[in-house]
Amino acid sequence: MAAGSGEFTDPSAEVLADAAAAFGLLASPARLHIMWALAQGESDVSGLAERVGGALPATSQHLAKLKLAGLVGSRREGRRQIYYAEDQDIVAVAQLMVRQLGWAAHQAPERLLRSVGT
């Protein structure tokens, strides 16, 4: 519906800024991969680093940023920090985007590359 029609209203500037910040965090392939991995189940930092192919310190820094933004949570299990996806709505959006882009690349890879300017 058109803006001002009464049925839908535009989100506030604060909500748009929060959404842009979340998308900005997930614009990093490493952080997106971490979210994808955590959507499959909990993990410690070493398991995530191995899965996403990153160095332990870099993976730890990515997790700290995701945790600060409220996208990832953690709990202590003995001496290890166990990380999990905190915001299931963000996980769903990330999964939808990755799956859709994977499907589109499979259907017409040359069209997908043109659409993203590569």
Side-chain angles (χ1 to χ4, degrees):
M1 305 266 357
S5 68
E7 193 159 327
F8 294 108
T9 59
D10 289 339
S12 69
E14 182 180 358
V15 168
L16 289 170
D18 289 346
F23 279 118
L25 278 170
L26 296 177
S28 159
R31 287 192 290 268
L32 185 57
H33 197 171
I34 289 169
M35 289 300 295
W36 182 269
L38 290 176
Q40 315 301 307
E42 299 177 340
S43 182
D44 65 3
V45 67
S46 60
L48 285 168
E50 184 177 317
R51 182 163 178 186
V52 305
L56 196 66
T59 302
S60 188
Q61 287 179 348
H62 288 306
L63 284 165
K65 288 179 181 181
L66 291 167
K67 188 173 179 183
L68 188 61
L71 303 180
V72 166
S74 69
R75 62 180 169 74
R76 184 152 298 283
E77 192 173 274
R79 301 177 101 185
R80 301 180 322 149
Q81 279 291 110
I82 303 298
Y83 294 91
Y84 54 89
E86 181 76 55
D87 190 327
Q88 295 305 310
D89 291 332
I90 296 295
V91 167
V93 169
Q95 288 177 324
L96 176 65
M97 179 64 75
V98 170
R99 286 185 182 130
Q100 181 62 28
L101 290 173
W103 178 84
H106 177 72
Q107 296 300 313
E110 68 285 347
R111 189 184 72 183
L112 178 64
L113 291 176
R114 278 196 312 269
S115 71
V116 294
T118 304

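Residue numbers start at 1 and run along the sequence shown.
In the hydrophobic clustering, where aliphatic and aromatic side chains (Ile, Leu, Val, Met, Phe, Trp, Tyr) are joined below 4.5 Å either directly or transitively, Leu16 stands alone. Applying the 4.5 Å side-chain rule to ILVMFWY residues, one finds that Tyr84 remains a lone member of its cluster. Hydrophobic clustering, defined by side-chain heavy atoms of Ile, Leu, Val, Met, Phe, Trp and Tyr closer than 4.5 Å, groups Leu48 together with Leu25, Leu26, Leu32, Ile34, Met35, Trp36, Leu38, Val45, Val52, Leu56, Leu63, Leu66, Leu71, Val72, Tyr83, Ile90, Val91, Val98.
Proximity of His62 to Ser28: side-chain heavy atoms (C-beta onward) are separated by under 4.5 Å at one or more points.
Not counting sequence neighbours, the partners of Asp44 by the salt bridge (Lys or Arg N to Asp or Glu O under 4.0 Å) test are Arg80. Scanning for side-chain hydrogen bond (donor to acceptor under 3.5 Å, both in side chains) contacts around Arg79 gives an empty result, with sequence neighbours left out.
The shortest heavy-atom contact between Ala39 and Ala85 is N-CB, 4.5 Å. Taking both residues in full, the closest heavy atoms of Ser74 and Gln81 are given as OG-NE2, 2.8 Å, listed atom of the first, atom of the second, then distance.
Heavy-atom neighbours of Gln40 CD from other residues, nucleotides or ligands within 6.0 Å: above the threshold of 12. At most 12 non-hydrogen atoms from other residues, nucleotides or ligands lie less than 6.0 angstrom from CD of Glu50.
Applying the salt bridge (Lys or Arg N to Asp or Glu O under 4.0 Å) definition to pairs two or more places apart or across chains, those involving residues 64-75 are Glu42-Arg75, Arg75-Glu77.
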